[in-house]
2 protein chains.
Amino acid sequence: MEDYNDKQLSIISVAERLFAEKGFHGTSVRDIAQEADVNIAMISYYFGSKDKLLEAVFRHRMNASRIFINELVENNTMAPLEKIYSLIDRFINKMLNEQNFQCIMSREQLNKEQSPVRDLIWQLKSEMLGLMRPIVTNAQDAGIFMMDVDVEMLMTTLFGTIHQIIPAQHLLRTNTDYAHLNDQEFKEYLRLRLSNHLKKLFKAILTHEF
Amino acid sequence: MEDYNDKQLSIISVAERLFAEKGFHGTSVRDIAQEADVNIAMISYYFGSKDKLLEAVFRHRMNASRIFINELVENNTMAPLEKIYSLIDRFINKMLNEQNFQCIMSREQLNKEQSPVRDLIWQLKSEMLGLMRPIVTNAQDAGIFMMDVDVEMLMTTLFGTIHQIIPAQHLLRTNTDYAHLNDQEFKEYLRLRLSNHLKKLFKAILTHEF
DNA sequence: GTTTAAATTAAACGTTTGTTTAACTTTGCT
DNA sequence: AGCAAAGTTAAACAAACGTTTAATTTAAAC
């Protein structure tokens, strides 16, 4: 169902980048066709419409997401806090590796009208909450985590902080004196700083320890 | 410079709402003109262009922002943590009262190309950081706040969490059993929940206490 | 009351939009 | 080789886009 050929994958890849840079409505199918080096008609031919192309971009990335979720559910040897740490790091890595897609998600989740894409985002968030909540409640029952934890708000903070990093990157890079780092180095530095921040934050809230 | 007449204010108000709902490129000047009940040509006549109208929407809201900042700088009788609490509550209120504008900001801050609007957002964030940092460092020097505080990341968490609430509202309202509340009641409930969450979080990070 | 500027309008401007068409080429199968 | 399906193309499609024009009305000043 999702076995795309090279040309289709090229279109999806270019669309993802352009949608991230200029928004869905800010990107024309001609832009996409030109940068992907295909005829305009091929986009309708393969995907049906511009909207369906956006949906394809989403489904393409979200399949990888689902695998990422299930990996953690299986592992039952880790301590609750380690599981949370793992979740945080996986989220951070996902964001840093798929910045364009996450950028589109940040935009599209703001749309008020219902759409297939909005439903996919909603579904993804519900799954994440369904994964995080049992980890916390189980640890609470075991007396490891505190009882006064607002899991939904904690999720919101996790999502929000990580998503907010995308537009904050330029500010961080120019405001602090890390202009000498190249892109890869800055990415690593950002990963570590974000990870430390969020882990410290979650540990404090969940365990009242530092 | 910013004394708009009723018709201009109506256009700005409608534009803010539609830009928030459907995005800048997703909204046509004809949509705005129709809902504001003015002729299409009036938008160019008053604001010059669609881009300039977006800029006007921003400047209109950001003047109120600046006042909000200065109020807190003046007050020097509050304890550092109380100042932070006040900052948090003001941010939350601002977001809840200007959801449409904050929604536009969330979208526009993702644009990669430089633009007057992007510069305004950048400037606003810098001002916020410039306000929060001295509060923290002064409290650190006085031995009230911990030394290992990442202020930029804390700002990112504050912005991110509050902004993330906008798209998360529907999920919160349907997922939990607060469907019986009306809009105003739900807004108050949300304000309290957000406030408690962020204050607990900031207190923990800044003071290592609960 | 006349004059001058501002406000307002319907219509038209030239582009650009997403999508489709119809002709043509390539591919794979028998 | 012959045929059918899939792939590919340039061109055209109507609709919508942001903006401008030119004519008309309203308002203010003298």
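Only this structure's heavy atoms are used, side chains among them; waters, hydrogens and symmetry mates stay out. The chains referred to below are lettered A, B, ... by the order of the sequence lines, with proteins before strands, and numbering in each begins at 1.
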Indicate whether any N or O donor in one side chain lies under 3.5 Å from an N or O acceptor in the other, for A/R107 and B/N111.
yes

Which is true for A/S28 with a 4.0 Å heavy-atom rule: it touches a base, it touches only sugar-phosphate, or it touches nothing?
sugar-phosphate

If you round to the nearest 0.5 Å, how far is CG of B/L194 from CD of B/Q164?
11.0 Å

Between B/F101 and B/F58, is the ring centroid distance below 6.0 Å?
yes

Roughly how far, to the nearest 0.5 Å, is CD of B/Q99 from NZ of B/K94?
12.5 Å

5' to 3' contact window, DNA chain C with chain B (heavy-atom distance under 4.0 Å):
C/dA6 to C/dA12

From A/E152 CD over to A/T156 OG1, what is the distance, rounded to the nearest 0.5 angstrom?
7.5 Å

Test log, rule side chain to side chain donor-acceptor pair (under 3.5 Å), inputs A/D89 and A/S86
CA-CA 5 Å; A/D89 280 329; A/S86 173; over 6 Å; no

A/F159 ring center within less than 6.0 Å of A/F91 ring center:
yes

A correct 5'-to-3' footprint of nucleotides 6-15 of chain D, with B, S and - meaning base, sugar-phosphate only and no protein heavy atom under 4.0 Å, is SBBBB-B---

Heavy-atom check, side chain of B/Q109 versus side chain of B/K125, under 4.5 Å
yes

